[in-house]
Structures are given as C-alpha cells and as structure tokens.
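Beneath this line is the structure, given in structure tokens, with notes to follow.
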Amino acid sequence: MRFPVLLLSGVALFYAQNVSAWEVTCPVFVETEPYTAVLKSFVQPQWRVSPRQEPRQWLTHISITQDKPENFGDQKPEMKKIKQETWLIWNTEGATAKESDRYWFSCIYSYGLVWLSQPVSVNTHSCKTLYFDEPPREKTVSLICE
C-alpha cells in the first residue's frame with residue numbers, strides 16, 4: 001500500500017522540478033499624482049497647457065520588448081487559438097544575461113501614459129497572455145512564461 005504513494009510522490013517531485021513557469025499579474029490600475037507638462041517647443045502665447053489628468057490610470061494593454069521598454073524593442077506576438085481561447089504568444093528564446101538581450105514585460109496604462117516593467121526570466125522560451133479585444137478595464141491580466 002505504501003509503494004504507490006511513494007511512487008506518486010516521486011513522480012510529482014520529478015514533474016515539479018522539470019516544469020518551470022513564471023507568471024506575473026498586472027495591477028488593474030495605478031494611482032498617479034497630477035503633473036503639468038513642460039513644453040519643449042514654442043507654442044503661440046494664446047495657448048496654455050491644461051493639466052487635465054485622471055488620478056487613476058487603467059490597464060490598457062501589455063507588451064514585451066527586447067531590452068528595456070524605453071529602447072523601443074517592441075516584439076510582435078503571435079495570435080493562437082488554444083482550447084477556444086485566443087492567446088498572444090511571444091517567443092523569448094535567445095535571451096542572455098546581457099542587458100540588450102533580455103526581454104522585458106510591461107503593463108501599460110492609459111495608452112502609454114504609465115509603463116510598469118520588469119525583466120522576464122532569462123530561462124524562458126515563450127510567454128503568453130489571453131487576448132482581449134478592448135482594454136481589460138477592471139479585469140486581471142497575467143503573463144505566463146515557460
């Protein structure tokens with residue numbers, strides 16, 4: 001009677017050691033302080049900058065970039081149907097510890113006003129998230145990397 005239990009535990013331990021998934025969930029929204037834009041170019045005097053901004057910034061989309069997001073290495077995902085759900089899948093193979101080879105995951109708020117970013121684990125081969133037609137306002141969005 002003990003043998004099957006021991007065998008099953010060994011299989012579960014073996015499986016857990018060989019499957020490494022990394023998952024991160026975007027905050028649904030972020031709160032920001034109001035700010036005033038500083039213009040870098042001349043605008044005629046009759047114009048003024050209006051500091052109109054909502055304090056709550058909602059998640060609008062996600063992105064994976066090669067190198068830090070500010071370096072504009074945006075990666076295009078592949079759309080794939082898996083079990084009646086549409087997924088966005090990014091190939092993240094080939095990443096190294098070298099900064100410019102790393103992939104970064106970003107949660108993007110208010111269509112680019114705020115980006116929360118973190119590096120993807122170097123040992124991943126691909127990352128995926130569920131596809132959404134509209135901004136996922138008030139919905140949880142996660143990225144799963146394997």
| task | Hey, could you give me the SG/NE2 distance between C26 and H61, rounded to the nearest 0.5 Å? | result | 10.5 Å
| field | Closest non-hydrogen atom pair between E146 and A21, with its separation | value | CG-CB, 4.2 Å
| task | Keeping the roles fixed (side chain from T60, backbone from Y111), state whether a donor-acceptor pair exists under 3.5 Å. | result | yes
| Would V120 and W104 satisfy side chain to side chain contact (heavy atoms under 4.5 Å, CB included), going step by step from the backbone distance to the final call? | CA-CA 5 Å; V120 174; W104 286 70; 5.8 Å; no
| remark: Those residues at least two apart in sequence (or on a different chain) that pass side chain to side chain donor-acceptor pair (under 3.5 Å) with S110 are Q57
| task | Determine whether V24 and I62 fall in the same hydrophobic cluster, where Ile, Leu, Val, Met, Phe, Trp and Tyr are linked whenever their side-chain heavy atoms lie under 4.5 Å apart. | result | yes
| request: Treating Ile, Leu, Val, Met, Phe, Trp and Tyr as nodes and any side-chain heavy-atom pair under 4.5 angstrom as an edge, say whether V30 and I108 lie in one connected cluster. | output: no
| remark: Heavy atoms of F132 and P136 approach each other most closely as CE1-CD, 3.3 Å
| Same apolar cluster: W47 and V49, side chain cutoff 4.5 Å | yes
| query | What residues form a side chain to side chain donor-acceptor pair (under 3.5 Å) with Q66, not counting sequence neighbours? | reply | none
| When you measure from the centre of the six-membered ring of W87, is the NZ or CZ of K128 under 6.0 Å away and within 45° of the axis? | yes
| Please, which pairs that meet disulfide (SG to SG under 2.5 Å) have at least one residue in residues 111-144, sequence neighbours excluded? | C127-C145
| Same cluster (ILVMFWY, side-chain, under 4.5 Å), L59 and L88 | yes
| query | Hey, are the side chains of K76 and W90 touching, using non-hydrogen atoms and a 4.5 Å cut-off? | reply | no
| query | More than 12 heavy atoms of other residues, nucleotides or ligands under 6.0 Å from CD of E134: is that the case? | reply | no
| remark: All heavy atoms of P27 vs all of Y109, minimum pair found to be O-OH, 2.6 Å
| What pairs with Y131 under side chain to side chain donor-acceptor pair (under 3.5 Å), at least two apart in sequence or on another chain? | D133
| For Q46, which residues count as a side chain to side chain donor-acceptor pair (under 3.5 Å) partner, sequence neighbours excluded? | Q44
| Can you check side chain to side chain contact (heavy atoms under 4.5 Å, CB included) on T65 and F72, steps first, answer last? | CA-CA 7 Å; T65 56; F72 297 95; over 6 Å; no
| request: Give a yes-or-no answer on whether the side chains of T92 and S126 include a donor-acceptor pair shorter than 3.5 Å. | output: no
| Spacing of CG belonging to L113 relative to OG1 belonging to T32, to within rounding of 0.5 Å | 6.5 Å
| message | I'd like to know if the side chain of Y103 and the backbone of Q75 have a donor-acceptor N/O pair within less than 3.5 Å. | response | no
| request: List for me each residue that meets salt bridge (Lys or Arg N to Asp or Glu O under 4.0 Å) alongside R56, sequence neighbours excluded, and say none if there are none. | output: E31
| field | E23/L143 under side chain to side chain contact (heavy atoms under 4.5 Å, CB included): CA gap, chis, key distance, verdict | value | CA-CA 6 Å; E23 184 172 345; L143 181 78; over 6 Å; no
| remark: The reported gap from CD1 in I89 to CD1 in I144 (rounded to nearest 0.5 angstrom) is 10.5 Å
| said: Please tell me whether V114 and F29 are part of a single hydrophobic cluster in this structure, the criterion being side-chain heavy atoms less than 4.5 Å apart. | reply: no
| query | To the nearest 0.5 Å, what is the distance between CD (Q118) and CH2 (W22)? | reply | 4.5 Å
| Given L130 and V141, is the side chain to side chain contact (heavy atoms under 4.5 Å, CB included) satisfied, shown in steps? | CA-CA 8 Å; L130 281 171; V141 176; over 6 Å; no
| field | Exam field: side chain N91 to backbone E93, donor-acceptor pair closer than 3.5 Å | value | yes
